Each structure stands twice: as C-alpha cells, then as structure tokens.
Amino acid sequence: MAADRDDGDAGAPFGRRVFLALLGLGAAGVVWGAKAQDLMERALGPITAKDGSGLSSLLPVGRFRIYTVTGGFPTRSTDEYRLRIDGLVDRPLDLSYDDLLSIEPSHLTRDFQCVTGWRVRDVMWTGVRLSDLLDMAGVKSAATALHFTSFDGLYTESLTLDQARRDDMLVAYQMEGEPVSRDHGGPVRLYVAPMYGYKSLKWLDGIEVTSEVRTGYWEQAGYDTDAWIGDSNGRDDEPVG
Ligand SMILES: Nc1nc2c(c(=O)[nH]1)N[C@H]1C(S)=C(S)[C@@H](COP(=O)(O)O)O[C@H]1N2
Ligand SMILES: [Mo]
C-alpha cells in the first residue's frame with residue numbers, strides 16, 4: 001500500500017521517458033532512472049495526474065510530491081506531540097512540541113531533492129539541530145549511530161553519529177515559515193539537508209542512539225544508507241530537474 005500525492009496542479013501530460021526524450025536529456029537520465037528511480041516510484045506511484053487521467057506528471061520542478069509508504073497520513077496535534085530520545089544516552093528525553101520550540105532554533109535554506117528526480121529549490125526549514133538534542137541527552141561513548149522512527153508506525157531511518165552532528169541536520173517544525181503541515185510530516189519531521197529526501201523522515205517521534213547503524217525503510221529495499229546528493233545511488237552528476 002502506498003500513496004503519492006502532488007500538492008500542485010497536474011503536471012506535464014507525458015510519461016517520464018517521453019518527456020526526457022523530448023527534452024533531449026537522453027540516455028543518461030533514463031539509465032540512472034532505471035536504477036535509482038524504479039523501486040520508489042513503483043512503490044509510491046505510478047505518478048498520476050490529479051485529474052485521475054493516469055497521465056504522469058513528471059519532474060514537477062518547484063513542487064513537492066507527498067509521499068507516504070503506509071498509504072495514510074497520520075495525525076498528531078502539537079498538544080499530543082512527543083519526541084523521545086533514548087538508547088545510549090545519559091539522560092533520555094521526552095520532549096513536547098513546546099519544549100522543541102523553546103530550544104534555540106536553526107534555519108536552513110536548501111534544495112529538496114528526491115532520488116527519483118524531482119527537486120524543489122530553496123526551501124527554508126526551521127527547527128532544532130540534531131546535535132543540540134544529542135548534547136542535551138548526552139551521548140554515551142559506545143554510540144555510533146541514530147535510529148529514527150515515525151508515528152506512521154512503519155517508516156524508519158538512520159544516520160551515523162558523525163553525520164548527525166553536522167550543522168545541516170534538523171529536527172524541523174517549520175517549512176517556508178509555516179508549521180510543517182501534516183502532509184509534509186508535521187508537526188515534526190527530520191530534515192537531512194545534504195542527502196536525498198528519503199533520509200528526511202516524516203512524522204518523527206523517536207530517536208534511538210545505537211551502537212551500530214540500523215538501516216531504514218528504503219535502505220532495506222536497496223537504496224544507499226549514505227545518501228549524499230549527487231554521490232550515491234549510482235549517481236555522480238547534477239540531478240535532472
Ligand atoms: N514517514 C515517511 N517519511 C518519508 C517518506 C515516507 O513515505 N514516509 N518518504 C521519503 C521520501 S522518499 C521523500 S522524497 C520525502 C518526501 O517529502 P514530502 O512528502 O514532504 O514531499 O519524504 C521522505 N520521508
Ligand atoms: Mo524520495
């Protein structure tokens with residue numbers, strides 16, 4: 001079960017391959033597509049136009065696609081929201097939404113890039129740095145990684161501790177100056193700026209500090225665990241779109 005929603009209008013009335021051919025983007029795009037794109041799009045797609053015509057809307061530059069692997073969109077109000085941080089820490093934390101808002105915020109404006117080829121330019125995120133939360137909890141010396149869980153009950157992700165301590169890793173509660181919407185994984189989601197979108201787990205409710213990397217939902221299906229944009233998943237070029 002899966003769903004894919006596009007929060008903009010229906011896109012171009014052509015299939016991806018046709019579109020690439022029309023633009024003369026050529027074999028390269030189709031080849032990496034076959035490798036990196038297939039699984040996620042097959043699971044989350046086919047990407048259909050909103051009018052139900054079955055036509056693909058592809059590379060909708062400037063628009064997010066809304067992904068959920070459960071087929072549903074879980075709801076948690078800001079009042080009910082809790083974020084647990086536990087595992088190999090000195091002080092397990094159980095943070096409310098207001099607790100998160102009371103921590104020094106960080107802002108990041110970056111492109112949002114899905115491994116399937118769509119990209120949204122210059123998205124502004126606000127939230128708390130993962131490294132600040134780790135410092136609050138106190139990471140034990142045996143720790144090497146983080147395991148993230150979603151209150152959708154299914155999606156998971158991971159980061160190494162070194163990755164998580166970078167300053168472009170956020171526990172985000174605002175996107176484009178507004179609270180992160182439910183569709184986009186609100187009230188709180190992960191935002192992993194230097195990696196493909198699948199690392200940015202939506203509906204975040206748990207961070208466990210672990211002794212080794214436990215691969216996440218899409219990694220178990222074959223996507224790279226270290227998902228650096230432009231340098232993973234069989235791609236070393238600037239993405240299309
Ligand atoms: N819980 C959850 N998080 C998720 C996903 C998902 O299906 N479920 N999809 C991932 C993928 S593949 C991408 S590209 C982004 C998409 O974010 P958006 O739905 O806000 O556009 O979320 C990521 N985080
Ligand atoms: Mo994605």
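Just so you know, ligand 1 is whichever comes first in the structure, and atom 1 is the first atom listed for that ligand. Worth saying up front: this structure is predicted, and the values here are computed from it rather than measured. For reference, positions follow the sequence shown, starting with 1.
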- Task: State yes or no: do Tyr173 and Val123 share one hydrophobic cluster built from I, L, V, M, F, W and Y residues joined by side-chain heavy-atom distances below 4.5 Å, directly or via other members?
- Result: yes

- Any donor-acceptor N or O pair under 3.5 Å, side chains Ser96, Asp99: yes

- Note on the structure: Scanning both residues in full, the closest heavy-atom pair of Gly230 with Tyr196 reads N-OH, 3.0 Å

- Going through the distances and angles, do Tyr198 and Asn233 end up as a side chain to side chain donor-acceptor pair (under 3.5 Å)? CA-CA 12 Å; Tyr198 62 88; Asn233 297 287; 3.0 Å; yes

- What part of Arg189, side chain, backbone, both or neither, has a heavy atom within less than 4.0 angstrom of ligand 1? side chain

- Query: Under 4.0 Å from any heavy atom of Ile66, which atoms of ligand 1 are there?
  - Reply: 19 (O)

- Message: So if I count the atoms of ligand 1 from 1 in the order they appear, which ones are less than 4.0 Å from some heavy atom of Met40?
- Response: 12 (S)

- Query: Which atoms of ligand 1 are found less than 4.0 Å from any heavy atom of Cys114?
  - Reply: 14 (S)

- Query: Would you say Glu212 has more than 12 foreign heavy atoms packed within less than 6.0 Å of its CD?
  - Reply: no

- Heavy atom of the protein closest to atom 19 (O) of ligand 1 (residue, atom name, distance): Lys202 NZ, 2.5 Å

- Any idea which protein heavy atom is nearest atom 15 (C) of ligand 1, and the distance to it? Gly197 O, 3.6 Å

- Message: Angle between ring planes, Phe73 versus Trp203, binned at 30° and 60°: parallel, tilted or perpendicular?
- Response: perpendicular

- Task: Say whether Trp218, considering both its backbone and side-chain N or O atoms, lies within less than 3.5 Å of an N or O atom on ligand 1.
- Result: no

- So is Ser200 in contact with ligand 1, going by heavy-atom distances below 4.0 Å? yes

- Query: Against heavy atoms of Trp118, which atoms of ligand 1 measure under 4.0 Å?
  - Reply: 14 (S), 21 (O)

- Query: What atoms of ligand 1 come closer than 4.0 angstrom to any heavy atom of Arg65?
  - Reply: 18 (P), 19 (O), 21 (O)

- When Val188, Asp152, Leu83, Thr149 are each screened for side-chain contact (heavy atoms from CB on, under 4.5 Å) with Asp205, the one that passes is Thr149

- Task: Just jot down the ligand 1 atoms closer than 4.0 angstrom to any heavy atom of Phe64, in number order.
- Result: 21 (O)

- Item | ligand 1 to Tyr67 polar contact by distance, N or O atoms, under 3.5 Å | yes

- Should the proximity of Tyr155 to ligand 1, defined as any heavy atom under 4.0 Å, be assigned to the side chain, the backbone, both, or neither? side chain

- Task: Would you mind listing which atoms of ligand 1 come within a distance below 4.0 Å of any non-hydrogen atom of Val69?
- Result: 7 (O)

- Query: For ligand 1, is any non-hydrogen atom under 4.0 Å from Tyr196's backbone (N, CA, C, O), its side chain (CB onward), both, or neither?
  - Reply: neither

- Passing candidate, side-chain contact (heavy atoms from CB on, under 4.5 Å) with Leu130, options Ile85, Leu146, Asp135: Leu146

- Task: Return yes if a side-chain donor-acceptor contact under 3.5 Å exists between Thr75 and Arg182, otherwise no.
- Result: yes

- Task: Answer yes if Leu161 and Met195 sit in the same cluster of Ile, Leu, Val, Met, Phe, Trp and Tyr residues linked by side chain heavy atoms under 4.5 Å apart, and no otherwise.
- Result: yes

- Given Asp152, Thr116, Thr68, which has its nearest heavy atom closest to atom 1 (N) of ligand 1? Asp152

